[in-house]
Every structure is written in C-alpha cells, then in structure tokens.
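Residue numbers start from 1 in every chain, and the chains themselves are labelled A, B, ... in the order their sequence lines are given, proteins ahead of strands.
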Protein chains: 2
Amino acid sequence: MSASERIWTAALLVIGDEILSGRTQDKNIAQLATWLNVQGIRLAEVRVVADKMAAIGAAVNALSAGNDYLFTTGGIGPTHDDITVDAIAAALGLPVVVHPDARAILEKHYATRGGLTEARLRMARVPEGASLIENQMSGAPGIRIGNIFILAGVPHIAAYMLEALTGTLQGGLPLLSVTLGCWVAESEVAELLRAAETGSAGCQIGSYPFFREGRTGANFIIRSTDLAAAEACAADVTARLAALGYEAVDGGI
Amino acid sequence: MSASERIWTAALLVIGDEILSGRTQDKNIAQLATWLNVQGIRLAEVRVVADKMAAIGAAVNALSAGNDYLFTTGGIGPTHDDITVDAIAAALGLPVVVHPDARAILEKHYATRGGLTEARLRMARVPEGASLIENQMSGAPGIRIGNIFILAGVPHIAAYMLEALTGTLQGGLPLLSVTLGCWVAESEVAELLRAAETGSAGCQIGSYPFFREGRTGANFIIRSTDLAAAEACAADVTARLAALGYEAVDGGI
C-alpha cells in the first residue's frame with residue numbers, strides 16, 4: 001500500500017445531555033464530517049454520551065486508541081456541567097493545569113467584560129501538556145492533547161476552531177463522490193447496484209431512497225478516492241439503468 | 001429504591017455511511033430522544049457506525065448489554081448496503097430467516113407495484129425468533145429481537161414505527177424539565193447554578209449559552225422526575241438571579 005492509499009480515520013465524541021434529551025438537534029456530526037472529508041480524513045465512528053465523567057472517559061479511551069484522531073464537542077464552558085477537560089485528563093492519567101496562554105487570552109477577552117472571574121478561569125484549564133486551538137469567535141480556546149481535539153459544543157464556535165485547524169492535520173486522499181438520481185424504487189434496481197459495485201474496484205455505492213411529489217425515487221452516491229473510477233462506475237450504473245428503461249439524473253434529484 | 005424510581009435507559013445505534021460522510025443530517029437522535037422521554041425511558045448513549053458488519057456487531061453487543069433497550073436506525077432496505085439484519089443476527093449468533101408475516105405484508109404491498117422481487121424479499125428477513133414492528137407508511141416492517149428494536153433510517157418511516165411502539169415498553173417516570181432564560185453570560189452565574197443544583201435534590205441544571213441580537217444569554221434547563229422539585233429549583237434560580245440584578249424569563253429565551 002502506498003502512502004497515498006493509507007486511510008486516515010477520526011472519531012467524534014459529542015458530549016452533552018442536551019443532545020440526548022432531544023432538546024438540541026446535533027449539527028456537529030455533519031459539520032465535522034464535511035470538514036474531515038476535505039482534510040482527507042474519514043469520520044469512522046461517532047458516540048454521544050452524557051455529561052458524566054465515567055462515560056466520557058471510557059469513550060475517549062476507546063475512540064482515541066481506535067482512530068488516528070479523536071474530536072470532542074461540548075462541555076468546555078464555565079459552568080458546573082462542563083466537565084470535559086476533567087474527564088479527558090482523568091482518562092489520560094494527567095493532571096489539570098491552567099494554561100498560561102489561555103489565561104492571557106481570557107484576561108484580554110474579559111478585560112472590557114467584567115474581568116476574569118473564577119468561573120471564567122475554568123476555561124483556561126487543560127490536561128497537562130496540551131496546546132491550544134484558536135477561537136476567533138468567543139475567546140475561550142479549544143484544546144489539543146495528543147491525538148485528541150477538544151472543541152466547543154456550539155456549532156458556530158466549533159466551526160471557528162476547525163477553521164484554525166484546516167490544513168494542519170495529516171490526511172490521505174479525500175473521499176470523492178459522484179451522485180446519480182433516478183425516479184425508481186430502489187428495490188427495482190438492487191441487483192443492478194450490487195453488480196455495478198462488484199465490477200468497480202475501489203468504489204462503494206450507497207443507495208438513498210426518498211418519497212417526493214407522490215413518487216418514489218433514490219439517489220445513488222458512488223464514493224472513491226479515485227474520481228475517474230467513481231465516474232466510470234457512475235457511467236456503468238447509468239447504462240445499466242438505461243437498459244431497464246430508467247433515466248439517471250446527474251447530480252441527483 | 002421503589003419501582004417508580006428505577007431509571008430505564010435506551011441506546012441508539014445509527015447505521016449509515018450517509019451520516020458519517022456528512023451528506024445526511026441526522027434527525028433520528030432527536031426524534032428518538034423526544035419519544036423516549038414520553039415513554040419514561042432515558043436515551044443514555046448514541047453511536048453512529050458505518051455500513052460494516054464488524055462495526056455494527058460490536059456496537060450492538062455493547063449497547064444492548066449496557067441498556068434496557070437498544071434501538072437501531074438504518075440499513076434495512078432492499079439494497080446491497082443494507083446489512084443491519086445480517087450484522088445483528090451474526091452478533092447475536094442467530095440465523096437469518098424470512099418472517100412469514102413480513103413476507104405476507106410485502107406481497108400485499110407490492111401486489112400493485114410490480115410484485116415481490118428477490119430484492120424486496122430481503123426486507124422480510126429477520127434474525128430467527130424476531131417479531132415485527134408495524135410500518136403504516138411504506139410496508140416493510142421494523143423488527144424486534146430481544147431488547148433490540150430495528151427501525152428504518154428514513155426519519156418519517158422510523159416515526160411510524162415508534163408510533164406503533166408507543167405505550168408498549170416498560171419505562172419509569174418521565175424526565176420532566178423547567179426552562180428559564182436570562183440575558184446574562186453564563187460565566188457570570190456559574191457559581192449560582194452550581195449552588196442551586198447542590199441545594200435541589202434530584203434536580204440537574206444544564207446551562208446552554210447563546211449569542212443573539214448582538215447579546216449574550218443562556219437558557220437553564222432544570223430536569224427532574226419530580227415536577228414540583230424542578231419548579232422549586234427554578235424558583236430558587238430565579239431568586240438567585242434577581243439578587244444579582246438579572247431577570248429570569250420563564251420558558252426560556
């Protein structure tokens with residue numbers, strides 16, 4: 001396997017009772033997945049756990065060991081339910097320390113906002129040995145410790161932290177995709193798709209049915225790190241659909 | 001602990017490359033969480049895995065053992081990437097069989113839609129010993145095997161399956177919540193919230209900051225199985241905020 005064929009994987013750990021209670025619709029999974037694709041890294045697994053030390057620690061150990069990178073979102077604010085840093089430090093067997101640069105960032109940010117209180121200083125606490133991830137949005141930085149990236153839970157703050165990380169992580173070839181749509185019940189073309197995938201090395205075909213305008217249809221996503229291979233597979237699917245009397249729509253429906 | 005105090009938990013396993021690729025925004029987590037709350041069951045953990053036998057099997061075994069109930073969404077359609085039934089059966093050490101009632105449902109559903117092809121018959125396959133979950137939307141039923149509930153990935157189809165299960169699962173007291181909003185930076189009131197939670201047995205307070213209209217605010221969600229306790233805690237938080245000169249808004253902002 002050449003270096004370019006190595007697949008780099010990441011996991012995401014979403015930390016927060018608000019997701020598990022149904023109160024908040026998660027947006028970090030799709031946001032991180034999309035960002036990772038551009039970095040040439042594949043999101044391999046996601047877990048969502050409650051604001052509990054043991055649950056966070058067990059997930060951190062499993063996911064950081066099983067993937068090249070682990071991202072976490074949530075639980076890094078100033079309140080009592082923000083225990084992510086403590087839980088990750090405990091899982092790694094590290095003490096929690098105040099990072100001097102984070103303290104300086106927060107002192108500057110809060111200089112005109114009432115000063116750096118004890119609660120706000122909580123946001124400068126990191127597992128010992130960690131580095132910071134810039135947050136141009138709201139002051140409090142994200143945290144990197146080993147292969148773990150600790151991000152904010154608010155999606156638009158997490159987005160700024162990802163922006164700061166763009167291009168800094170080693171990845172492989174991005175996973176590319178070609179989409180075809182068709183007004184057909186996927187059950188009509190299941191064998192066709194299986195045959196096309198089997199005949200196209202390095203391509204996976206996903207089938208995503210929908211019901212719209214009173215009609216049944218499906219989009220077929222052909223994924224590969226080799227765009228030419230994905231396009232050839234799409235052409236094969238298109239020809240196979242045409243042979244059954246169905247028209248494929250480039251780009252999906 | 002009385003029977004009413006036992007906490008019933010569920011896990012959700014979301015199966016699908018389309019979530020991990022970022023193509024599809026998950027809606028099943030919030031939908032299931034909301035439904036479970038009404039049944040008196042708490043969503044304790046979520047995992048998202050790819051369409052891979054080993055990944056599905058490992059998650060199924062861990063989550064079904066660790067919770068009263070496990071729900072899965074995705075991967076029960078007719079195409080080659082729909083491997084949920086096979087993966088769960090393998091994880092449980094069970095053979096896959098065609099369920100006669102599922103076959104009958106599909107024969108009826110497809111009688112006017114081209115008949116029951118081999119691909120469509122895939123949707124009648126279940127782990128041996130399973131029962132069916134009615135699907136009034138699109139024919140193909142969900143599947144129950146032991147404490148595992150196998151649902152469709154399309155959220156509005158999963159919703160019909162949950163509707164069929166409503167009131168049939170044993171649960172405990174529903175987790176109730178009272179919400180307060182306040183135009184305050186959560187870092188200003190972190191100690192206040194911690195003190196209020198410590199003083200209110202059986203209540204958890206979650207703090208959810210936001211930035212809106214150029215101002216900083218937060219909603220505080222007080223959760224308890226005892227509504228009177230949650231309301232008393234909310235009154236305490238309101239009084240503590242007022243003492244600092246902040247007005248709490250009932251119901252949140």
Side-chain angles (χ1 to χ4, degrees), chain A residues 14 17-27 29-37 42-51 55 77-81 110 113-114 117-120 122-123 138 154 175 177 185-191 193-194 197 204-211 221 223, chain B residues 14 17-27 29-34 36-37 42-51 55 77-82 110 113-114 117-120 122-123 138 154 175 177 185-191 193-194 197 204-211 221 223:
Chain A
V14 176
D17 292 343
E18 71 275 22
I19 305 294
L20 293 173
S21 73
R23 176 183 176 273
T24 300
Q25 164 69 53
D26 170 75
K27 293 179 179 161
I29 298 174
Q31 171 168 273
L32 181 69
T34 305
W35 181 86
L36 285 170
N37 286 340
R42 301 203 196 160
L43 183 59
E45 186 176 2
V46 179
R47 297 192 192 181
V48 187
V49 298
D51 300 322
T79 57
H80 64 284
D81 54 341
Y110 286 110
R113 297 178 173 88
T117 60
E118 190 182 336
R120 288 166 172 171
R122 275 178 62 81
M123 295 188 283
S138 62
V154 177
L175 192 61
S177 68
E186 64 170 359
S187 57
E188 302 260 355
V189 294
E191 283 311 312
L193 295 172
R194 185 193 299 270
E197 184 179 270
Q204 291 86 44
I205 306 177
S207 173
Y208 306 106
F210 58 80
F211 308 93
I221 318 281
R223 296 190 182 90
Chain B
V14 177
D17 292 343
E18 71 276 22
I19 305 294
L20 293 173
S21 73
R23 177 183 176 272
T24 300
Q25 165 69 55
D26 169 75
K27 293 179 180 161
I29 298 174
Q31 171 168 275
L32 181 69
T34 306
L36 285 170
N37 286 341
R42 300 203 195 160
L43 183 58
E45 185 177 2
V46 179
R47 297 191 190 180
V48 187
V49 299
D51 300 321
T79 56
H80 64 284
D81 55 341
D82 292 307
Y110 286 111
R113 297 177 173 88
T117 61
E118 189 180 339
R120 289 166 172 171
R122 274 177 62 80
M123 296 187 282
S138 61
V154 177
L175 192 62
S177 68
E186 63 169 359
S187 57
E188 302 260 355
V189 295
E191 283 311 312
L193 296 172
R194 185 192 302 271
E197 185 180 90
Q204 292 88 42
I205 307 179
S207 172
Y208 306 105
F210 58 80
F211 308 95
I221 317 282
R223 297 190 182 90

- Item | Candidate pair I29(B) and I29(A), rule side-chain contact (heavy atoms from CB on, under 4.5 Å), full reasoning | CA-CA 11 Å; I29(B) 298 174; I29(A) 298 174; 4.2 Å; yes

Residue among [options] with most heavy-atom pairs under 4.5 Å to chain A:
options                          : answer
A50(B), S187(B), A44(B)          : S187(B)
T117(B), L32(B), D82(B), L193(B) : L193(B)
A119(B), S207(B), A30(B)         : S207(B)

With only heavy atoms counted, which part of [X] is less than 4.5 Å from chain A, the side chain, the backbone, both or neither?
X       : answer
I221(B) : side chain
S21(B)  : both
L36(B)  : neither
R42(B)  : neither
A55(B)  : neither

- Message: Within the 4.5 Å heavy-atom criterion, are D17(B) and R223(A) side-chain neighbours or not?
- Response: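 Result yes, sub-4.5 Å side-chain heavy-atom pair found.
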
- Query: Does the side chain of Q204(B) reach to within under 4.5 Å of the side chain of D51(A), using non-hydrogen atoms?
  - Reply: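 No, side chains not in contact.
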
- Message: Just so I understand: if I count every heavy-atom pair under 4.5 Å between each of Y208(A), F210(A), F211(A) and chain B, which residue has the most?
- Response: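 Of Y208(A), F210(A), F211(A), Y208(A) has the most heavy-atom pairs under 4.5 Å with chain B.
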
- Query: Between R23(A), E45(A), E118(A), E197(A), which has the largest tally of heavy atom pairs under 4.5 Å with chain B?
  - Reply: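 Ranked by heavy-atom pairs under 4.5 Å with chain B, first place is R23(A).
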
- Can you list the residues that meet the side-chain hydrogen bond (donor to acceptor under 3.5 Å, both in side chains) rule with D26(A), with sequence neighbours excluded?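 D26(A) satisfies side-chain hydrogen bond (donor to acceptor under 3.5 Å, both in side chains) with no other residue.
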
- Task: Return the set of residues passing side-chain hydrogen bond (donor to acceptor under 3.5 Å, both in side chains) with D81(A) (not counting sequence neighbours), or none when no residue passes.
- Result: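 Per chain and number, D81(A) pairs via side-chain hydrogen bond (donor to acceptor under 3.5 Å, both in side chains) with T79(A).
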
